[in-house]
Amino acid sequence: MTGRFMTVEGIEGVGKTTQVARLSQALSARGIAHVVTREPGGTPLAEKIRDLVLSPREEALPPMAELLLMFAARAVHLANHIEPNLRAGRWVLCDRFTDATYAYQGGGRGMSPEDIGRLETLVQGARRPDLTLLLDVPVAVGLERARLRDVGKTRDRFERERADFFERVRAGYLERARAEPERMAVIDAAQPADQVAAHITRILESKSWIS
Ligand code: Z5A
């Protein structure tokens, strides 16, 4: 049997990395074989593309190039890591995936959802997450969490964006969740991390994926 493909999404600082780690612990405690990965990145080559996209540089990165690089990294990640693990029966927990492209390159940068959809089909074929956990907080909450965590660090190209960019990203995510309620579960991530983790556990239990 192939593994389950789960993605975790949300704006900057919402707590994705925290919850992916908690979920990984919960799966390990139940003996469920899985890998944890992230986008952009997840393999040595895809991490190089991540560095290209996130590092601030003098020459502008046009939105179309940013979009294509996200899908280039994804093509590598799918072929070299995600698909082999799913075929081997392991669950894949991925910190961000294509919903981030619709939210950031679509909602944030204004690229057309039709173009994103064409690339999605080209790169992924029929592959879609079995479940996406959308962690949601007001933008001010996410940015403040990230600010406190990143004191003294250099901010990447996305972290330099203003609050209105993240408002469009958040709206893009919520619109996708409304359109695909079966696949995407919206979780109030303004709660303490323990409560967010408990909500995620309940979602998996309700699907009988864990007990
Ligand atoms: N991107 C894109 O544009 N298009 C795409 O297709 C893809 C990605 C795939 C890199 O993402 C960038 O790539 C991203 C979008 C773009 N840029 N942005 N923004 P990333 O996932 O690597 O980086 P990130 O979005 O900046 O995530 P993050 O900063 O790693 O945040 P997080 O993982 O959601 O949060 P966290 O590190 O778990 O928590 C943040 C802090 O809050 C930390 O100190 C925690 O201890 C704390 N925390 C966590 N949960 C809580 C709760 N519940 N209460 C209080 N405090 C909490």
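Just so you know, ligand 1 is whichever comes first in the structure, and atom 1 is the first atom listed for that ligand. Source: prediction; values computed, not measured.
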Heteroatom distance test ([X], ligand 1): nitrogen or oxygen, under 3.5 angstrom:
| X | value |
| --- | --- |
| Pro192 | no |
| Glu12 | yes |
| Pro40 | no |
| Gln191 | yes |
| Leu54 | no |
| Thr18 | yes |

Any idea which protein heavy atom is nearest [atom], and the distance to it?
| atom | value |
| --- | --- |
| atom 29 (O) of ligand 1 | Arg149 NH2, 2.6 Å |
| atom 4 (N) of ligand 1 | Gln105 OE1, 2.8 Å |
| atom 2 (C) of ligand 1 | Met70 CE, 3.2 Å |
| atom 48 (N) of ligand 1 | Arg145 CD, 4.1 Å |
| atom 17 (N) of ligand 1 | Phe158 CB, 3.4 Å |
| atom 33 (O) of ligand 1 | Thr17 OG1, 2.5 Å |
| atom 7 (C) of ligand 1 | Ala100 CB, 3.6 Å |

[X] heavy atoms, cut-off 4.0 Å: which ligand 1 atoms fall inside?
| X | result |
| --- | --- |
| Gly15 | 32 (P), 34 (O), 35 (O), 36 (P), 38 (O), 39 (O), 49 (C), 50 (N) |
| Phe166 | 19 (N) |
| Arg74 | 6 (O), 9 (C) |
| Glu39 | 9 (C) |
| Ala193 | 52 (C), 53 (N) |
| Thr101 | 5 (C), 6 (O) |

Could you tell me whether Glu161 approaches ligand 1 through its side chain, its backbone, both or neither, with non-hydrogen atoms closer than 4.0 Å?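 Neither; nothing of Glu161 gets under 4.0 Å from ligand 1.
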Backbone, side chain, both or neither: what part of Ala146 comes under 4.0 angstrom of ligand 1, heavy atoms only? neither
Rounded at 0.5 Å granularity, tell me how far [atom1] in [X] sits from [atom2] in [Y].
| X | Y | atom1 | atom2 | value |
| --- | --- | --- | --- | --- |
| Arg157 | Leu61 | CZ | CG | 4.5 Å |
| His77 | Glu83 | NE2 | CD | 10.5 Å |
| Arg38 | Arg50 | CZ | CZ | 3.5 Å |
| Thr154 | Leu54 | OG1 | CG | 12.5 Å |
| Leu27 | Met6 | CG | CE | 7.0 Å |
| Lys16 | Glu9 | NZ | CD | 8.0 Å |

Take the angle between the ring planes of Phe165 and Phe158 and call it parallel below 30°, perpendicular above 60°, tilted in between.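 Plane angle between 30° and 60°, so tilted.
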Less than 4.0 Å is my threshold; does some heavy atom of Gly10 fall inside it relative to ligand 1?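 Contact absent.
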Taking [Y]'s backbone N and O only, do any of them form a donor-acceptor pair with [X]'s side chain (distance below 3.5 Å, no angle check)?
| X | Y | result |
| --- | --- | --- |
| Arg96 | Gly10 | yes |
| Gln195 | Pro192 | no |
| Ser24 | Val20 | no |

For the student: nearest non-hydrogen atoms of Leu135 and Ala189, plus distance: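 The answer is CB-CB, 3.8 Å.
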What's the verdict on side chain to side chain donor-acceptor pair (under 3.5 Å) for Glu120 and Tyr102, showing C-alpha distance, side-chain angles and the deciding distance? CA-CA 10 Å; Glu120 181 180 32; Tyr102 281 99; 2.6 Å; yes
Check: of Arg22, Arg96, Glu9, Gln195, min heavy-atom distance to atom 23 (O) of ligand 1 comes from Arg96
Hey, looking at atom 22 (O) of ligand 1, which of Lys16, Arg50, Arg109 has the closest heavy atom?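 Among Lys16, Arg50, Arg109, the closest heavy atom to atom 22 (O) of ligand 1 belongs to Arg50.
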Could you walk me through whether Arg176 and Thr132 satisfy the side chain to side chain donor-acceptor pair (under 3.5 Å) test, starting with their C-alpha distance in whole Å, then the side-chain angles of each, then the deciding distance to 0.1 Å, before giving a yes or no? CA-CA 11 Å; Arg176 288 189 64 71; Thr132 297; over 6 Å; no
Is the shortest distance from a Lys or Arg side-chain nitrogen in Arg183 or Asp99 to a carboxylate oxygen in the other one below 4.0 Å? yes
